[in-house]
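The structure appears below as structure tokens.
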Amino acid sequence: MDHAQILALIASLSGTPSPDPFAGLRTASQQPNPVVSIMPCPRPLPIHDIEGVTMICGAVQVPEERNKIGGRKVALNFAVLRASTGYSEPDPVVYLEGGPGGSAMKMLPALDLFFRPWRSRRDVVIYDQRSAGISGSSVNCFQAMSANLVDFMKIGGGIPTAEQTRRCFDELTAKGVPLAAYNTTQNALDLPVIISALGYKDYNIYGISYGTKLGLEVMRVAPQNIRSVIIDGVAPSWVNLYNSLAMKHDEAIQHVVDQCAADKACNEAYPELGKIFVETLNKAARGEITFRGEKVPVELVVMPVLMRNGKYNSTPVTRFIPAYVYELWRGKEMPTVEKLIDAKFDTPRPGDAEITAATAKLDAEQKALIQQLLDNAAIVARAQKSAARAVEGLRDTTETRQGLGTLARLFDTELAVAMKESLSGDKERISHVLADYTSMQTAAPSRERLQAFVNAHFAGSTKDRLLALITGMNAREIEGSFAIIRRDTHAALGSFLSGIYLDIYACQEDIPFNSLEGYKALTAKLKYPHVGLLSDDLAKAFYDGCSSIKPQPRENWHVPVKSDIPTLSFGSVFDVQTPASWAKIAIEQMTNAQAFIIPEAGHGALLYQPCVAEMGVAFIDNPKRRFDNSCARSIKVDWHIAPWVGAQKK
């Protein structure tokens with residue numbers, strides 16, 4: 001941070017900066033019955049952003065049921081990341097998060113990094129949708145969560161069991177929550193309300209994953225003032241997404257086969273790769289392949305294809321896949337298999353050792369200068385980490401003094417120690433304490449409620465110390481204690497809540513359009529055998545979870561979107577969440593759209609290849625611009641030719 005940024009940080013920590021760059025929003029939040037309110041931003045924050053100066057957070061009230069006048073409102077939490085110029089364009093970029101049910105507001109540092117190219121000219125708006133992230137409290141089944149907290153915290157992968165889902169939905173139904181109002185169409189109708197409340201008129205959309213499904217629905221039901229749309233990792237509502245859980249893997253394998261066949265050196269080294277892939281999968285299924293004395297399962301054959309997805313800071317292992325598959329098929333020497341398995345299918349970007357090795361042919365003076373560059377890079381990295389720690393420390397101190405309160409923070413610390421010391425090893429007591437603790441997230445903040453909790457579960461000096469802290473709290477610190485309870489409970493239940501939020505959308509609007517029978521039928525037709533083993537359990541868990549949820553079909557939902565809004569559609573070659581081919585399917589009924597398939601990229605091409613951001617910035621600057629395929633052509637795969645290839649030819 002430079003001196004100006006440090007001064008701005010001091011101003012923000014001391015109070016509202018002057019002049020206030022968000023004065024209009026603050027004024028709107030102070031009107032009678034405001035639609036928008038200003039709230040502290042959820043942590044962590046982007047390191048270079050200063051709350052109240054370069055970014056601001058809050059919530060916009062939207063109607064839960066649009067056909068009910070005077071009905072309940074739902075608060076959708078947002079963040080505005082200001083453009084870095086004083087001469088910004090008036091139309092922001094609005095990011096639509098995936099899921100459904102994913103939280104963009106918990107990813108502010110990452111999203112700042114991904115959307116920084118746009119911030120040179122435009123604001124970036126981020127928000128959590130209805131039934132998603134920190135906007136999801138209106139559909140949280142608090143009683144079911146409190147009663148089963150220990151079990152829910154053990155759930156892996158964000159998929160609740162069918163029984164847990166049923167209990168949650170039963171509670172929501174009993175409370176009168178209109179679950180049918182939580183769907184992608186209503187979600188789409190929320191977006192214009194948010195844009196207007198934040199003071200914008202025209203805007204641009206960038207959606208990833210479910211965010212593309214939502215973006216397409218906004219184009220269908222609320223197209224006014226949309227200037228341009230980018231969809232990336234595309235999931236159109238008219239494809240059978242949940243029937244395609246295995247098809248995604250099948251298509252990703254085929255992309256590798258096609259890429260190798262199109263390259264002379266790869267094709268000569270590994271001819272008929274598709275056929276070899278099929279035979280290798282069949283051999284693994286029969287238990288005929290061994291590595292280091294153990295049988296190789298089907299999952300291990302496909303692993304390098306799947307493991308590329310989600311590794312944003314690694315060099316993709318695509319170049320090794322043909323050799324890897326051939327070596328498993330041959331059953332002889334396996335240097336490539338050893339390399340990938342030992343590296344856990346990851347190839348980190350070059351570090352100091354690789355750079356030092358690359359200097360072997362340089363003279364002594366040149367090597368010394370290279371080493372000096374490495375030393376300087378290390379110093380810069382340490383300085384950046386130190387600055388990040390300092391800024392977070394200042395933010396923590398300010399949050400304690402001005403927000404939560406010193407005694408609220410101290411009570412939270414002491415309570416954590418007390419629970420660890422007093423309850424260690426007693427699972428039944430732990431379950432009761434956690435249930436009572438979680439139940440306070442919906443309680444009105446009061447000193448008496450905190451005291452009752454402590455009296456019920458602690459004794460002796462531990463109880464006396466906690467009660468003394470509660471007695472000393474002022475009203476703001478009491479509220480701060482309950483804010484900590486809400487925050488910590490949501491974090492602990494994040495996996496379960498994400499699964500429930502997804503089910504609310506998917507089970508209501510995509511069943512019976514998708515079904516377990518449909519999944520099995522599509523999987524049986526795939527080119528590459530046995531890949532269903534990778535997704536069969538997931539498919540069963542998903543459809544079992546939906547079995548107790550009433551579908552809410554609606555007209556025009558599973559119909560292709562027709563639009564003339566300028567649209568840029570990206571598919572990624574090794575995306576195993578939304579197949580690359582869906583990027584083209586999504587725009588078949590559009591008159592002003594372009595689709596591009598990006599090599600060496602996974603789910604969300606923006607996260608993998610810089611040229612995608614370059615295209616995206618250029619497109620939003622000029623939505624009429626037509627692009628060639630130079631981004632994809634610039635990405636080359638340097639295929640690994642295993643040492644045994646030459647010997648095999650001889």
Side-chain angles (χ1 to χ4, degrees), residues 1-6 46-48 84 109-110 112-114 116-117 120 259-260 263-266 268-269 304 307-308 310-324 333 335-391 573-574 598-602 605-615 617-618 630-647:
M1 302 181 77
D2 59 26
H3 290 78
Q5 289 174 312
I6 294 173
I47 183 60
H48 295 293
S84 57
D112 164 61
L113 177 64
F114 297 143
R116 197 171 295 167
S120 63
Q259 286 176 289
C260 182
D263 183 271
K264 185 175 183 295
C266 186
E268 288 181 354
M307 291 290 284
R308 300 173 298 175
K311 288 187 166 68
Y312 312 124
N313 296 314
S314 300
T315 303
V317 299
T318 306
R319 64 188 299 261
F320 297 106
I321 294 176
Y324 176 92
E333 66 269 47
T336 312
V337 176
E338 291 178 3
K339 177 183 179 69
L340 291 189
I341 289 178
D342 289 346
K344 298 180 180 179
F345 302 98
D346 195 10
T347 51
R349 298 193 185 281
D352 286 8
E354 289 78 10
I355 292 175
T356 300
T359 65
K361 296 182 179 180
L362 301 182
D363 61 34
E365 183 178 0
Q366 291 172 322
K367 289 180 179 179
L369 291 171
I370 294 296
Q371 185 59 52
Q372 186 175 339
L373 289 174
L374 287 175
D375 292 343
N376 289 342
I379 292 170
V380 169
R382 285 196 296 271
Q384 290 173 337
K385 290 180 180 179
S386 177
R389 287 194 297 269
V391 170
V573 163
F574 61 70
I598 307 300
E600 295 299 82
L606 170 66
L607 317 182
Y608 294 85
Q609 293 295 344
C611 63
V612 173
E614 293 167 3
M615 286 180 72
V617 169
S630 57
C631 174
R633 288 198 302 266
S634 70
I635 302 166
K636 306 293 185 183
V637 178
D638 180 21
W639 298 100
H640 169 68
I641 308 301
W644 50 261
V645 169

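Throughout, residue positions are numbered sequentially from 1 according to the sequence presented.
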Ignoring hydrogens and angles, write down the donor-acceptor pairs under 3.5 Å from the side chains of residues 356-367, residues two or more places apart or on other chains.
unit_1: T356; atom_1: OG1; unit_2: D352; atom_2: O; d: 2.9
unit_1: T359; atom_1: OG1; unit_2: T356; atom_2: O; d: 2.6
unit_1: D363; atom_1: OD1; unit_2: E365; atom_2: N; d: 3.2
unit_1: D363; atom_1: OD1; unit_2: Q366; atom_2: N; d: 2.7
unit_1: Q366; atom_1: OE1; unit_2: D363; atom_2: N; d: 3.0

Can you find a heavy atom in the side chain of [X] that is under 4.5 Å from one in the side chain of [Y]?
X	Y	value
Q259	V637	yes
C266	E268	no
L607	F114	yes
T318	P599	no

Look up atom [atom1] in [X] and atom [atom2] in [Y], then write down how far apart they are to the nearest 0.5 Å.
X	Y	atom1	atom2	result
R633	C611	CZ	SG	11.0 Å
S630	E614	OG	CD	9.5 Å
F574	R308	CZ	CZ	5.5 Å
R319	D638	CZ	CG	4.5 Å
K311	D346	NZ	CG	5.0 Å

I need the minimum non-hydrogen distance between [X] and [Y], along with the two atoms involved.
X	Y	value
Q609	E600	NE2-O, 2.9 Å
C631	S634	O-OG, 2.6 Å
A269	I641	CB-CD1, 3.7 Å

**Prompt:** Which residues pass the side-chain hydrogen bond (donor to acceptor under 3.5 Å, both in side chains) test with Q371, sequence neighbours left out?
**Reply:** D375
**Request:** For D263, enumerate each residue passing the side-chain hydrogen bond (donor to acceptor under 3.5 Å, both in side chains) test, keeping only those at least two apart in sequence or located in another chain.
**Result:** none
**Fill in**
side-chain contact (heavy atoms from CB on, under 4.5 Å) filter on A618, not counting sequence neighbours, yields R625, F627
**Asked** For P304, what residues pass the side-chain contact (heavy atoms from CB on, under 4.5 Å) criterion, not counting sequence neighbours?
**Response** V317, I321, Y324, L340, F345
**Message:** Looking at Y608 and I598, would you say the former's side chain and the latter's main chain have a donor-acceptor pair under 3.5 Å?
**Reply:** no
**Asked** Sequence neighbours excluded, which residues qualify as ring-ring contact (aromatic ring centres under 6.0 Å, His included) partners of F320?
**Response** H640
